[in-house]
**Q** 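The structure's right below; bear with me while I get my questions together.
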Amino acid sequence: MVYFSTNNTNEIATLKEAVIRGLAPDKGLYMPSAINAFNADFIENISNYSFQEIAFETAKLFFGEDVPTDNLRDLVFEAVNFEAPVVDLDDSLSVLELWHGPTLAFKDFGARFMARMLGYFLKNQDKEVHVLVATSGDTGSAVANGFLGVEGIKVHILYPKGKVSEFQEKQMTTLGQNISALEVDGVFDDCQEMVKKAFLDKELNQRLYLTSANSINIARLFPQSFYYGNAVAQKINEEKPLTFCVPSGNFGNLTSGIFAKRMGMPIHHFIAATNRNNVVPEYINTGAFVPRESVQTISNAMDVGNPSNFARMKSVYGGSHAEMANDISAFYFNDDQTKEAVREIYQRYNYVMDPHGAVAYLAAKEYIQDHKEERVILLETAHPAKFAKVVEEAIEEPIEIPKAQRACLEKEKKSTPITNRFDELKSYLFDL
């Protein structure tokens with residue numbers, strides 16, 4: 001399949017080129033030239049398929065023209081080796097738990113798949129590859145885990161100083177081996193802008209083989225469609241319209257859901273839920289898209305003031321605000337509301353939810369008031385232990401950290417402090 005840039009449809013690439021480059025030369029994001037559709041029999045019988053089988057059928061529509069079937073099956077089955085259960089809270093609301101992977105966050109799906117796909121495309125590559133990734137929290141740890149120990153690849157994670165949780169920071173800064181962490185004196189948008197500039201710097205790219213593991217990379221983005229199909233399979237026999245409520249920052253997660261719907265998954269509607277970084281809800285509700293500097297919140301993985309994947313969303317809808325607003329409702333909430341939601345969910349349902357899921361819960365509550373006939377599935381994107389301080393204060397109970405992840409908290413943090421100036425990142429990379 002051919003992939004085009006969101007900035008210029010004539011700027012095209014193969015899948016291999018798109019995955020290795022990450023970003024198009026004109027700063028655009030790659031989009032598939034076509035969105036293939038599922039076979040009607042597959043959708044009708046989807047409840048009979050395992051998660052891995054659903055993921056494989058989805059991957060074939062994305063990548064089947066470019067990766068041999070047996071290789072693609074291996075990539076999918078190795079990456080998706082944990083579950084994503086749907087848990088019902090009541091007759092209208094369910095939770096899709098996406099934190100059962102190794103770093104307790106939904107980004108494990110995309111990061112693990114991308115690591116394997118990049119390894120597949122680079123297996124005969126002599127030159128060492130440098131993966132750059134900007135993170136507002138969970139992306140960094142998921143990418144670090146996914147690429148840890150992969151021969152021929154070095155990962156450099158840029159994260160904003162003092163704006164990620166201790167758990168998230170330790171998951172990024174204690175691994176060693178081929179993983180390095182850069183502690184940027186700035187916000188997530190600074191980190192993201194520095195990564196984008198690196199890909200477009202000719203001198204840097206002549207010396208190093210660079211690629212990205214953010215959701216700007218299609219190999220990170222598309223696998224997130226897998227779990228939408230898995231959730232549909234778990235609830236399709238209920239015969240209620242299925243609406244997904246997505247806590248959103250850089251909007252890769254919601255974009256993946258839009259792809260799944262366009263491929264034929266019976267998804268009725270989407271709800272975009274954000275914190276005070278509300279540029280997309282503002283667009284959905286008013287038609288005005290006004291990027292601005294991100295604001296720090298307790299749901300830090302959503303602290304994005306200029307979400308990259310909005311360009312892909314606009315591309316899918318042909319730039320039509322009306323069409324996008326017809327598919328997506330949008331709400332935003334502040335920290336006080338989020339804390340109260342964590343407390344309410346625990347008291348009402350005896351369920352512990354992280355701050356990002358709590359933002360989605362608030363949006364789902366708003367939406368359900370006028371749509372009680374639908375089943376709303378909110379995406380719980382991270383284990384509450386990753387935000388233990390906030391959650392424990394809200395529910396007034398301790399949270400147990402899963403044993404497999406507990407060890408990293410006892411390790412020594414190792415990071416390289418840099419400013420938010422691109423020339424400092426460039427000097428760091430030149431010294432490697």
**Q** Answer yes or no: is there an ion pair linking E238 with R375, defined by an N-O contact shorter than 4.0 Å?
**A**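 Salt bridge flag = yes for R375 with E238.
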**Q** For E393, is there an ion pair with R343 - N to carboxylate O distance below 4.0 angstrom?
**A** no
**Q** I'd like to check M117 versus V19 (side-chain heavy atoms, cut-off strictly below 4.5 Å). Are they in contact?
**A**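 Answer yes - side chains close enough.
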**Q** So, taking the atom named CZ in F222 and the one named CZ in F62, what distance separates them when rounded to the nearest 0.5 Å?
**A**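 So the gap between those two atoms works out to 5.0 Å.
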**Q** With a 4.0 Å cut-off, would you call R73 and E53 a salt bridge?
**A**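 The answer is no: the pair does not qualify as a salt bridge.
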**Q** Can you classify the ring geometry of Y228 versus F270 as parallel (below 30°), tilted (30 to 60°) or perpendicular (above 60°)?
**A**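 Taking F270 first and then Y228, their aromatic rings stand perpendicular (interplane angle over 60°).
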**Q** Hey, do the aromatic rings of F109 and F82 have their centres closer than 6.0 Å?
**A** yes
**Q** So do T58 and I54 actually touch side chain to side chain, heavy atoms under 4.5 Å?
**A** yes
**Q** Evaluate the side-chain proximity of L61 to I35: yes if any heavy-atom separation is below 4.5 Å, no if none is.
**A**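 A side-chain contact under 4.5 Å is absent here.
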**Q** So, are R116 and D74 salt-bridged, with charged N and O less than 4.0 Å apart?
**A**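 Here R116 does not pair with D74 in a salt bridge, since their nearest N and O are not under 4.0 Å apart.
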**Q** Salt bridge or not for E57 and K60, using N-O below 4.0 Å?
**A** yes
**Q** Determine, using ring centers only, whether F387 and H356 are less than 6.0 Å apart.
**A**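 Close enough - the centres of the two rings lie under 6.0 Å apart.
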**Q** Step through it carefully: locate the ring centre of Y346, locate the ring centre of Y351, and say whether they are under 6.0 Å apart.
**A**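 So the answer is no for these two rings.
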**Q** Is it true that H269 and Y367 have ring centroids separated by less than 6.0 Å?
**A** yes
**Q** Looking at every heavy atom in both E169 and V164, which two are closest together, and how far apart are they?
**A**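 Of all heavy-atom pairs spanning E169 and V164, the closest is CB-CG2, 3.8 Å.
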**Q** Do K154 and V129 come close enough that some side-chain heavy atom pair is under 4.5 Å?
**A** no
**Q** For a 4.5 angstrom cut-off between non-hydrogen side-chain atoms, does N250 reach F188?
**A**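 Result yes, sub-4.5 Å side-chain heavy-atom pair found.
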**Q** What about Y49 and F42, are their ring centers closer than 6.0 Å?
**A** yes
**Q** Does the cation-pi check pass for R112 over F106, that is, NZ or CZ under 6.0 Å from the six-membered ring centre and within 45° of its axis?
**A** no
